[in-house]
Amino acid sequence: TSDGYILTNNHVIEDADSVEIITSNDETYSAEVVATEPDADLALLKAEGVTNLRPVILGDSSAVRPGQDVF
C-alpha cells in the first residue's frame with residue numbers, strides 16, 4: 001500500500017533477524033514483520049517512514065470462477 005504495507009513470500013523473511021526494503025529508486029527503509037502464513041508462503045511487512053509507495057492491484061476475488069487458475 002502507499003503507506004508501507006508490503007506483501008512478500010514467507011520463505012524470503014522467515015529466518016531474517018531484520019528486514020530492509022529497497023525501492024526501485026534506491027531508497028532504503030527498515031521494515032517490521034506484521035504477520036506470516038507459512039502454509040501459504042505469505043508474509044506481511046510494514047516499512048517504516050514510507051508514505052509514497054505505488055500499490056499493486058492484486059485482483060478481484062469476486063470475479064474468479066470455478067476452474068480458473070489463481071495465484
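These numbers come from a predicted model, not from an experiment.
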Of all pairs that satisfy side-chain hydrogen bond (donor to acceptor under 3.5 Å, both in side chains), the ones with a partner from residues 46-60, not counting sequence neighbours: Asp60-Ser62
Glu27: which residues meet the side chain to side chain donor-acceptor pair (under 3.5 Å) condition with it, sequence neighbours left out? Tyr29
State the CG-CG distance between Leu7 and Leu58, to the nearest 0.5 angstrom. 6.5 Å
Which pair of heavy atoms, one from Ala47 and one from Ile6, lies closest together, and at what distance? CB-CD1, 4.2 Å
Of all residues at least two apart in sequence or in a different chain, which pass the side chain to side chain contact (heavy atoms under 4.5 Å, CB included) check with Asp69? Phe71
Please answer whether the main-chain N or O of His11 pairs with a side-chain N or O of Asp41 as donor and acceptor at a distance below 3.5 Å. yes
More than 12 non-hydrogen atoms from neighbouring residues, nucleotides or ligands closer than 6.0 Å to CG on Asn25, yes or no? yes
Quick one: side chain to side chain contact (heavy atoms under 4.5 Å, CB included) partners of Val33, sequence neighbours excluded? Ile13, Val19, Thr36, Leu45
Under the side chain to side chain contact (heavy atoms under 4.5 Å, CB included) rule, collect the residues that match up with Gln68, sequence neighbours excluded. Val64, Arg65
Fellow cluster residues of Leu44, listed by chain then number, with links counted only when side-chain atoms sit under 4.5 Å apart: Tyr5, Val34
Test question: given the 4.5 Å side-chain rule for I, L, V, M, F, W and Y, name all other residues clustered with Ile22, or answer none. none
List in chain and number order the residues that pass side chain to side chain donor-acceptor pair (under 3.5 Å) with Ser30, two or more places apart in sequence or in another chain; answer none if no residue qualifies. none
Which pair of heavy atoms, one from Gly4 and one from Leu53, lies closest together, and at what distance? CA-CD1, 3.9 Å
